[in-house]
Amino acid sequence: ALDNRLGVDRTRTERRSQSLHSRTVSAATQWAALPRWTLGAQRDQTFGDQDLSYRPTLTTLRSRWKLNERSDLVVEHAFRDGSPIDSSFTAAALQSKVGDDVTAYANYQIDGGIAGRQNQAIVGLRHSYHPRSHLSVHTAFERTWTLRQNDSSNFYAYSLAAEFLPPRD
C-alpha cells in the first residue's frame, strides 16, 4: 500500500532578541514493501527568514523495519542542496512506543563523515493527543549532544503542533 502526505509547518524562533519566521512545506510518500518493512521518501522545503542551518531544506530516504509490536529500527539518509553525497547525513534510530500515544526514540546521526566532528546523539519523546476524531495535538521534547569537544552545540528542543484532518466525503 502507498501512503502519501502533504503538510505545512510554521516556525518561529527567538535568538538573541531576534524573531525569525519560516514555513516548511513537506511532501512524503511511504510504501509497505513487506508486512514488517516500509520504504519512504520525504521532501521538506523551507521558505522565510529562518536560519537554514537550524531547519534546512532536506530530501530524506527512509527504511523502517518493525522489530515487534512496539519497536522499529529506522535507517535514513538525508541530503541538502540537491546533492545525495555533499551536505548529507545518515542516521540510525530505535523507536519504541511506551504508551498508546507516546513514542521514545534514540538516534545516532553521522554528519560530515565518520570522523565525528559533526556527529550527533539524540534522545527524545513524542506525544499525540486526540481530543476529537479529526483533531490532534502533538508535543515533543528532545536532547541533542554534538559529539565533539565543544559543548555549545548541545541543546534541548521542544515542539507543539496541531493537526486538523476533516473527514473525507
Side-chain angles (χ1 to χ4, degrees), residues 3 5 7 9 11-15 22 24 26-46 50-81 83-130 136-163:
D3 182 26
R5 203 177 78 234
D9 293 336
T11 305
R12 183 182 71 134
T13 305
E14 299 289 333
R15 284 192 185 162
S22 71
T24 302
S26 299
T29 189
Q30 182 172 284
W31 173 59
L34 296 170
R36 298 177 73 119
W37 184 37
T38 58
L39 300 170
Q42 180 171 332
R43 174 71 176 179
D44 296 328
Q45 181 73 45
T46 301
Q50 179 68 270
D51 178 6
L52 288 180
S53 64
Y54 174 74
R55 181 86 187 253
T57 295
L58 288 176
T59 301
T60 306
L61 304 174
R62 182 175 296 116
S63 176
R64 176 182 300 270
W65 183 263
K66 189 169 207 53
L67 299 172
N68 57 43
E69 286 303 312
R70 293 194 165 276
S71 301
D72 293 343
L73 175 65
V74 181
V75 177
E76 63 184 23
H77 181 75
F79 49 94
R80 307 171 190 98
D81 306 322
S83 171
I85 298 171
D86 295 334
S87 302
S88 67
F89 68 85
T90 303
L94 183 61
Q95 299 179 353
S96 181
K97 290 190 78 129
V98 293
D100 289 338
D101 296 329
V102 179
T103 302
Y105 57 92
N107 295 1
Y108 182 74
Q109 180 174 306
I110 300 171
D111 191 355
I114 198 76
R117 291 185 317 169
Q118 297 175 12
N119 295 356
Q120 294 181 332
I122 305 164
V123 294
L125 288 171
R126 282 190 294 264
H127 179 262
S128 295
Y129 172 63
H130 307 279
S136 301
V137 178
H138 308 278
T139 58
F141 166 79
E142 72 180 26
R143 174 75 166 114
T144 299
W145 291 271
T146 300
L147 305 177
R148 59 179 165 183
Q149 305 298 342
N150 184 356
D151 285 342
S152 66
S153 297
N154 300 338
F155 60 89
Y156 294 94
Y158 310 91
S159 69
L160 175 65
E163 181 177 56

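This is a predicted model, so every value here is computed, not measured.
- Side chain to side chain, Gln95 and Arg64 meet the donor-acceptor criterion of an N or O pair below 3.5 Å.
- Shown here for Ala93 and Asn107, the closest heavy-atom pair between the two residues is CB-OD1, 2.8 Å.
- From His130, atom NE2 reaches atom CD of Glu163 across 8.5 Å, with rounding to the nearest 0.5 Å.
- The nearest pair of heavy atoms linking Arg43 to Thr57 is NH2-CG2, 3.3 Å.
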Worked check of side-chain contact (heavy atoms from CB on, under 4.5 Å) between Leu94 and Leu67: CA-CA 10 Å; Leu94 183 61; Leu67 299 172; 3.7 Å; yes

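- Leu125 CG to Glu142 CD: the interatomic distance, rounded to the nearest 0.5 Å, is 10.5 Å.
- Note that CG of Asp72 is 4.5 Å distant from NZ of Lys66, once rounded to the nearest 0.5 Å.
- Residues that satisfy the side-chain hydrogen bond (donor to acceptor under 3.5 Å, both in side chains) test with His127, not counting sequence neighbours, are absent from this structure.
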Between Thr29 and Trp31, is a side-chain contact (heavy atoms from CB on, under 4.5 Å) present by the stated rule, with each step listed? CA-CA 7 Å; Thr29 189; Trp31 173 59; over 6 Å; no

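- Listed here is the closest heavy atom pair of Thr60 and Ala78: OG1-CB, 3.5 Å.
- To the nearest 0.5 angstrom, Ser71 atom OG is 11.0 Å from Lys97 atom NZ.
- No more than 12 heavy atoms of other residues, nucleotides or ligands sit less than 6.0 Å from atom CG of Asp100.
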Residues Gln42, Arg5; criterion side-chain contact (heavy atoms from CB on, under 4.5 Å); working and verdict: CA-CA 9 Å; Gln42 180 171 332; Arg5 203 177 78 234; 3.7 Å; yes

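- Partners of Tyr129 according to the ring pair (Phe, Tyr, Trp, His ring centres under 6.0 Å) rule, which considers only residues two or more places apart in sequence or in another chain, do not exist here.
- Here the OG-CZ distance, from Ser159 to Arg126, works out to 9.0 Å after rounding to the nearest 0.5 Å.
- Scored by the side chain to side chain contact (heavy atoms under 4.5 Å, CB included) test, Arg143 finds Val123, Trp145, Asn154, Tyr156 as partners (sequence neighbours excluded).
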Give the intermediate values and the outcome of side-chain contact (heavy atoms from CB on, under 4.5 Å) for residues Trp37 and Leu39. CA-CA 7 Å; Trp37 184 37; Leu39 300 170; 3.5 Å; yes

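- Among Asn119, Thr90, Ile122, the one residue that satisfies the side chain to side chain contact (heavy atoms under 4.5 Å, CB included) test with Tyr108 is Asn119.
- Across Val98 and Ala104, no two heavy atoms sit closer than the pair CG1-CB, 4.1 Å.
- Between the Arg62 side chain and the Gly40 main chain, no donor and acceptor come within less than 3.5 Å of each other.
- No donor-acceptor contact under 3.5 angstrom links the side chains of Arg70 and Ser96, judged on distance only.
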